[in-house]
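Remarks on the structure that follows.
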Amino acid sequence: VLSGAAASNGKWITKANMPAPRSDLTCTTVGDSIYCIGGCSENQVCGDMDKIAAKELCYCPEVADTTFIYSADLNKWTTGAAAPRPRYRHAAAAVGGKIYVFGGR
């Protein structure tokens, strides 16, 4: 769920939902748009507590390469070009109108 704060009163309001649910994605801005890239598109799978204690943590069974683009002016999402490969738990930065994605799984 996307929420935005109104500058005039600082109250949070709900905005348009992303086209598909994601966790562990990255979002960055270019101009007036927010680009949300990749992420986990299924519920994460976690082992039992003994395995978690042994560093066998949760993982994502379905990783996305999708790019969703949010236009704040239109309160609308569109789908952009797919990322070069699926990934989650990654980072991104925008420089000179280009988005760089790095790290993750």
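Along the sequence shown, the residues carry numbers beginning at 1.
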Least distance between heavy atoms, C58 atom then Q44 atom:
CB-OE1, 4.0 Å
Pairwise distance CD1(I99) to CD1(I37) - rounded to 0.5 angstrom
4.5 Å
Under 30°, 30 to 60°, or over 60°: which ring-plane class applies to W77 and F68, parallel, tilted or perpendicular?
perpendicular
Drop me the distance from T29's OG1 to I69's CD1, to the nearest 0.5 angstrom.
13.0 Å
Could you pull out the closest heavy-atom pair between C27 and I34, with the gap in Å?
CB-CG2, 4.0 Å
Is the backbone of A81 close enough, under 3.5 Å, to the side chain of T67 for a donor and an acceptor to pair up by distance?
yes
Point-to-point distance, once rounded to the nearest 0.5 Å, from OH of Y70 to OG1 of T78
11.5 Å
Is a side-chain donor or acceptor of N75 paired with a backbone partner of A16 at a separation under 3.5 angstrom?
yes
Quick check for you: to the nearest 0.5 Å, what is the distance between E42 atom CD and S23 atom OG?
10.0 Å
Which pair of non-hydrogen atoms, one from A64 and one from R22, has the smallest distance, and what is that distance?
CB-NE, 3.5 Å
Working to the nearest 0.5 angstrom, can you tell me the gap between R89 CZ and L25 CG?
12.5 Å
Specify the closest pair of heavy atoms between A92 and V101, including all atoms of both residues, with the distance to one decimal.
CB-CG2, 4.1 Å
Which heavy atom in Y59 sits nearest to a heavy atom in Y88, and how many Å separate them?
CA-OH, 3.7 Å
In terms of heavy-atom contacts, C60 and S41 come closest through SG-N, 4.1 Å
